[in-house]
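Notes follow the structure.
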Amino acid sequence: MLIQKKRQALLALFLCLSSSSYGQCLAQGDLQVAQVQRIVDGDTLHLSDGRKVRLVGVNTPELDHENGRHEAFALEAKQRLSSLAGDQVYWQSAHESEDRYGRKLYYLFTKDRESIASQLLSDGLGYRIAVPPNIRYQDCFAKSEQIAREAKRGLWQHPTQWQPQAGFAVARSKLTSITHNRGGWWLETSQDLVINIPRYAEHYWSEKDIYFLQGKSVEARGWQYQRKNHRKDRFKSVVLTVKHPQDLRRIESSD
């Protein structure tokens, strides 16, 4: 009997550790519930009352609704969101509650109060992103993504490859120079890319922290755009905007 009880205790401990190692983030505070009408893609859904919702903290691969040329794991991310949300979803509004497209910015949870964004990240079906002032749960989201990276799940099966095109990007590069002007900080890289920390986000870094990155290899993530009428002999053609220190980190060559 004693041996049996010990086995049961060990099994319970194993299940507990397995669950926590999977990187789930639990809701903090009260939740509201809403009926789901349809899933648009891996990070967007519509509620039955007409609200269009964008998940906070995660960016999933893009679906090509016109031509069907989907990015890798875009369909899997949509299917995973559908299974996690089900017929109804639990939500918390973000600090900045609406984006420029009129979509509601919500943290979404299951009936067990588990973060849906964290589960997408743990599965390797999206990239963590920090867009101030909506940075709640960021530490937990980072842990969830790290679990997927270490296990090489989903998007992390292959090394990230930066592409000089508009849209969301994860770029790894060495910083060659750092300058500051009325547009914020400009971190030139060894690629045809410059990382911009805009003026309104500067306060998240100290000047010392920025200059410490000079000559270092970094990983940056955010949305990038191509400059118009740029001089190739003077400026990089692609600008990647970073708004929070979580999205600009020093890396070692072995990372």
Side-chain angles (χ1 to χ4, degrees), residues 24-66 70-111 113-142 144-145 148 154-155 166-170 198 200-201 221-225 240-244 246-247:
Q24 305 310 332
C25 307
L26 296 178
Q28 302 170 11
D30 296 333
L31 297 176
Q32 300 189 59
V33 64
Q35 294 296 125
V36 176
Q37 182 185 65
R38 74 183 184 95
I39 305 298
V40 178
D41 56 28
D43 54 38
T44 311
L45 55 80
H46 293 175
L47 302 179
S48 59
D49 60 8
R51 281 178 291 173
K52 299 177 181 179
V53 176
R54 173 66 164 83
L55 275 76
V56 177
V58 61
N59 188 66
T60 61
E62 298 295 327
L63 285 172
D64 183 351
H65 295 285
E66 293 185 2
H70 311 306
E71 293 183 357
F73 295 101
L75 285 174
E76 289 87 341
K78 179 182 178 180
Q79 292 166 358
R80 184 62 171 142
L81 175 58
S82 179
S83 66
L84 289 168
D87 295 329
Q88 62 181 21
V89 69
Y90 295 79
W91 60 274
Q92 288 177 341
S93 180
H95 188 274
E96 186 174 86
S97 61
E98 191 170 295
D99 67 10
R100 60 178 177 168
Y101 304 108
R103 298 177 300 186
K104 301 299 182 182
L105 299 174
Y106 290 166
Y107 300 100
L108 298 184
F109 301 88
T110 68
K111 62 181 177 61
R113 301 178 64 86
E114 293 179 345
S115 165
I116 289 177
S118 76
Q119 293 184 67
L120 289 167
L121 292 168
S122 294
D123 291 337
L125 297 177
Y127 297 102
R128 181 204 52 74
I129 187 72
V131 182
N134 299 337
I135 54 176
R136 193 177 186 187
Y137 302 106
Q138 270 295 312
D139 288 343
C140 190
F141 288 165
S144 297
E145 183 184 77
L155 295 164
F168 183 82
V170 177
Y200 60 81
R221 62 179 66 188
W223 281 266
Q224 60 185 23
Y225 64 91
L240 190 156
T241 303
V242 174
K243 302 177 181 180
H244 192 271
Q246 285 271 31
D247 294 345

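When reading the values below, keep in mind they use all heavy atoms of this one structure, side chains included, and skip hydrogens, waters and symmetry mates.
Using modelled atom types, one side-chain atom of Gln138 and one backbone atom of Ile129 make a donor-acceptor pair closer than 3.5 Å. Side chain of Ser118 to main chain of Cys25: a donor-acceptor pair is present (N/O by atom type, distance under 3.5 Å, no hydrogens or angles). The closest donor-acceptor contact from the side chain of Arg113 to the backbone of Ala27 lies under 3.5 Å. For Arg128 (side chain) and Leu121 (main-chain N/O), no donor-acceptor pair under 3.5 Å exists by modelled atom type. The backbone N or O of Asp30 lies less than 3.5 Å from a partner atom in the side chain of Gln92, making a donor-acceptor pair. One N or O on the side chain of His70 and one on the backbone of Asp64 form a donor-acceptor pair closer than 3.5 Å. Using a distance-only test at 3.5 Å, with no hydrogens or angles considered, no donor-acceptor pair links the side chain of Asp247 to the main chain of Val242. Tyr107 contributes no side-chain N or O that, together with a main-chain N or O of Tyr137, makes up a donor-acceptor pair within less than 3.5 Å. A donor-acceptor distance shorter than 3.5 angstrom exists from the side chain of Asn134 to the backbone of Glu96, with no hydrogens or angles considered.
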Next on the checklist: Pair Arg51, Tyr106 - check side-chain contact (heavy atoms from CB on, under 4.5 Å), show working.
Outcome noted: CA-CA 11 Å; Arg51 281 178 291 173; Tyr106 290 166; 3.0 Å; yes
Next on the checklist: Please determine whether side-chain contact (heavy atoms from CB on, under 4.5 Å) holds for the pair Val33 and Lys111, giving the CA-CA distance in whole Å, both sets of side-chain angles, and the decisive distance to 0.1 Å.
Outcome noted: CA-CA 9 Å; Val33 64; Lys111 62 181 177 61; over 6 Å; no
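Residues Val89 and Leu47 are in side-chain contact: their nearest non-hydrogen atoms beyond the backbone lie under 4.5 Å apart. Contact check for Thr241 versus Tyr225: side-chain heavy atoms found under the 4.5 Å cut-off. A heavy-atom distance below 4.5 Å is not found between the side chains of Tyr200 and Pro132. Using a 4.5 Å heavy-atom cutoff, the side chains of Arg103 and Thr44 are in contact. Residues Thr110 and Gln119 meet the side-chain proximity criterion, which asks for heavy atoms closer than 4.5 Å. Side-chain contact between Leu120 and Leu55: present, with at least one pair of heavy atoms (C-beta onward) separated by less than 4.5 Å. Side-chain contact between Glu98 and Leu105 is absent, with no heavy atoms from C-beta onward closer than 4.5 Å. The shortest distance between side-chain heavy atoms of Glu145 and Tyr127 falls below 4.5 Å.
Atoms CZ and CD1, on Phe109 and Ile116 in that order, are 8.5 Å from each other to the nearest 0.5 Å. To the nearest 0.5 Å, atom CG of residue Leu81 and atom CG of residue Asp123 are 11.5 Å apart. If you take CD on Glu71 and OG1 on Thr60, they are separated by 9.0 Å, rounding to the nearest 0.5 Å. Distance check, rounded to the nearest 0.5 Å: NZ of Lys78 to CG of Leu45 gives 11.5 Å. Here the CG atom belonging to Leu63 is positioned 9.0 Å from the CG atom belonging to Asp43, to the nearest 0.5 angstrom.
Side-chain atoms of Arg54 and Tyr101 include no donor-acceptor pair closer than 3.5 Å. Side chains of Gln35 and Asp49: no donor on one and acceptor on the other come within 3.5 Å.
Here the closest non-hydrogen pair linking Leu155 and Ala72 is CD2-O, 3.7 Å. In this structure, Ile39 and Ala85 approach most closely via the heavy-atom pair CD1-CB, 4.5 Å. Minimum heavy-atom separation, Lys243 to Ala130: CB-O, 4.4 Å. Pro61 and Ala77 make their closest contact through CD-CB, 4.4 Å (heavy atoms, listed as atom of the first residue, atom of the second, distance).
Using cut-offs of 30° and 60° on the angle between ring planes, the pair Phe168 and Trp223 is perpendicular.
In the displayed structure, Asp87 atom CG is contacted under 6.0 Å by at most 12 heavy atoms of other residues, nucleotides or ligands.
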